[in-house]
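Have a look at the structure below, then the notes.
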Amino acid sequence: MSDLPNGKQNNGNYSADNIQVLEGLEAVRKRPAMYIGDVSVKGLHHLVYEVIDNSIDEALAGHCDHIQVFINEGNSITVSDNGRGIPTDWHEKEGKSALEVVMTVLHAGGKFDHDSYKVSGGLHGVGVSCVNALSTKLRAEVHRNGKIYMQEYVIGKPVTPIQEIGESDKTGTSITFLPDSSIFIVSEYNYEILSSRLRELAYLNKGIKLEITDLRETDEEGNHRHDDYYSSEGLKEFVAYLDATRLRLIEDIIHVSTEKNEVPVEIALQYNSSFSENIHSYVNNINTIEGGTHLTGFRRGLTRTLKAYADKSGMLSKLKFDISGDDFREGLTAIISVKVQEPQFEGQTKTKLGNSDISLVVDQAVSEMLANYLEENPKDARTIVQKVILAATARHAARKARELVQRKNVLSGAGLPGKLADCADRDPAVCEVYLVEGDSAGGTAKQGRDRKFQAIMPLRGKILNVEKAMLHKVFENEEIKNIYTALGVSIGTEEDSKALNLDKIRYHKVIIMTDADVDGSHITTLIMTFFFRFMKEIIENGYLYIATPPLYNVKKGKSQRYCWTEEERLAAIDELGKGKDSGLSIQRYKGLGEMNAEQLWETTMNPDQRTLRQVTIDSAAEADRIFSMLMGDEVPPRRQFIEQHAKYAKIDV
Ligand code: 0RA
């Protein structure tokens with residue numbers, strides 16, 4: 001047992017404090033979802049964010065500018081920073097070192113630091129002790145006071161005293177942890193998810209270098225996958241990155257970084273020629289996907305300032321109809337980032353800001369920024385107003401088409417699309433609808449399904465690319481109208497004319513089923529683009545899925561194996577091909593049409609055997625960028641994207 005920094009010894013006895021600590025960490029292990037959201041992919045990755053957040057805090061306090069993340073072999077994670085290092089001095093009251101307190105006491109993270117301006121602290125704000133509780137092993141290494149200190153833990157409990165293991169002329173903290181596989185239902189880290197988050201953090205916190213390295217595998221040249229992110233201009237560069245494949249309407253990115261009532265606010269925006277609205281808002285580096293008061297304030301300030309300018313300019317005098325709030329946001333890409341001392345998070349996923357005073361703060365920031373810009377750049381100002389007028393005109397043209405969709409849906413039952421083969425059950429929670437490419441595959445699916453709870457909606461040919469279409473074209477499109485009607489959803493609420501109303505949704509599973517070939521995957525992407533742009537709420541509720549039909553059937557006599565991957569195909573050939581007389585037949589399914597109804601049911605539709613891939617949005621900003629790139633006008637970046645990712649062979653949006 002080694003001496004502690006202050007000469008005391010850790011004799012391993014538990015004081016009353018220790019026991020309380022263990023109870024705290026036990027609570028985390030009993031109900032992990034309460035602390036980190038879930039125990040699936042999200043929660044697993046959340047552990048990493050929780051640790052990075054501490055380093056970001058250290059950087060925001062001005063003591064750290066470099067953070068490194070390693071995915072180690074065996075899926076443990078190391079997060080290292082060059083901050084001051086977690087304090088290691090002895091705490092009389094707690095009876096242990098400060099490091100041990102930070103690592104083992106819930107919410108203890110900020111306790112020793114009174115001078116720093118702490119706002120990050122993670123979505124659930126639980127701190128690194130929570131990560132410790134949910135890890136089978138954790139090792140903390142601190143460089144500080146010219147020394148290297150180290151302590152190890154097992155499911156949150158120290159197994160060594162804090163030890164001095166060497167000398168160092170640097171300062172910083174390095175934490176390595178292995179998530180407990182008896183708690184998490186997945187154990188594999190996804191490089192893309194972590195890398196995207198680091199990119200986002202780099203844009204949100206300019207001046208910090210964030211690096212990620214995947215030590216689990218190497219490419220042909222023996223290199224580990226690696227990315228480093230650094231942004232000197234922050235949100236301005238974030239907007240430029242998101243809009244890289246869109247056509248800018250004005251040269252500059254309009255930007256403000258200010259403080260109002262001691263609340264730091266940063267906003268960057270740009271108009272492009274697209275028809276979609278891409279506003280991403282953050283509170284303390286957390287993506288507030290449900291919006292909240294900061295977003296409301298932004299919208300109000302933007303609308304009021306642009307409207308005032310447009311009125312004054314006289315450009316609206318010939319307009320025969322009203323302009324709505326939406327019209328000011330068509331083709332707008334914007335990032336709003338605020339730092340709030342005591343954020344109140346509300347909503348289903350706790351990503352909606354509730355603090356009412358923040359609304360005015362953002363409203364004022366955006367108004368001042370825009371009013372100045374419009375005054376100083378009259379040419380750009382006219383371009384923006386023209387875009388707003390165009391949006392209003394298009395919306396006016398689209399209204400009739402949309403109202404038709406709407407009205408049909410109100411007369412529920414009577415107005416279902418003719419092509420929909422509905423199911424018998426009426427409880428949306430158990431009902432599912434397959435969106436099937438082509439009438440012939442649709443026919444097979446109708447025969448193969450369980451009509452009690454499975455409905456089939458055949459889609460004819462390619463569906464409209466909504467990324468390139470104006471609003472009225474979208475609502476006039478037959479296939480799209482059919483999707484709205486079949487799902488029983490309507491568009492527009494009082495607050496937001498594009499919001500989706502899911503009150504009367506008829507299915508809680510919407511399953512895209514296409515051929516397992518290039519055309520099929522293109523059609524899947526087109527349908528996903530439509531859902532992302534027009535029915536995002538369906539994705540956010542976890543209702544959108546992709547069916548996975550098999551690629552091969554390996555057959556010999558009466559035995560057969562369906563195969564989804566090349567490895568499965570080889571294994572099946574191996575298994576069935578044994579013996580002298582081989583007589584093996586291998587069928588490559590190019591399309592759904594090559595399967596009969598029974599095969600389609602067995603492999604792709606039977607809930608007991610099928611695999612459905614749920615569509616989720618890991619990063620709204622990144623998904624937005626990828627859809628605009630894949631489906632938008634510019635070809636070269638798309639090729640580059642596909643080439644870059646082909647190396648790793650997985651494209652998940
Ligand atoms: C409490 C107080 C101080 C620093 C930290 C915590 C700290 C925590 C983490 C977690 C990861 N990296 C970190 N870096 C720093 C301030 C200590 C001082 O006053 O020197």
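Indexing begins at 1, ligand by ligand and atom by atom, following the structure's order. Computed from heavy atoms alone, side chains included, the values below leave out hydrogens, waters and symmetry copies.
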**Report entry** ligand 1 atoms in contact with Asn54 (distance to a heavy atom under 4.0 Å)
**Finding:** 10 (C), 11 (C)
Query raised in the report: Any N or O of Arg144 that comes nearer than 3.5 Å to an N or O of ligand 1?
Result: yes
Query raised in the report: How does His63 reach ligand 1, if at all, at less than 4.0 Å between non-hydrogen atoms: by side chain, backbone, both, or neither?
Result: neither
Requested in this report: Could you tell me which residues satisfy salt bridge (charged side-chain N to carboxylate O under 4.0 Å, His left out) with Asp363, sequence neighbours excluded, listed by chain and number?
Outcome: Arg300, Arg304
Query raised in the report: Using 4.0 Å as the upper bound for N to carboxylate O, is an ion pair formed by Lys339 and Glu266?
Result: no
Query - Numbering as shown, the atoms of ligand 1 that approach Glu58 to under 4.0 Å (heavy-atom distance) - result: 4 (C), 7 (C), 14 (N), 15 (C)
Query raised in the report: Among all residues two or more places apart in sequence or in another chain, which pass the side chain to side chain donor-acceptor pair (under 3.5 Å) test with Ser231?
Result: Glu237
**Report entry** Basic-acidic side-chain contact under 4.0 Å: Arg84, Glu58
**Finding:** yes
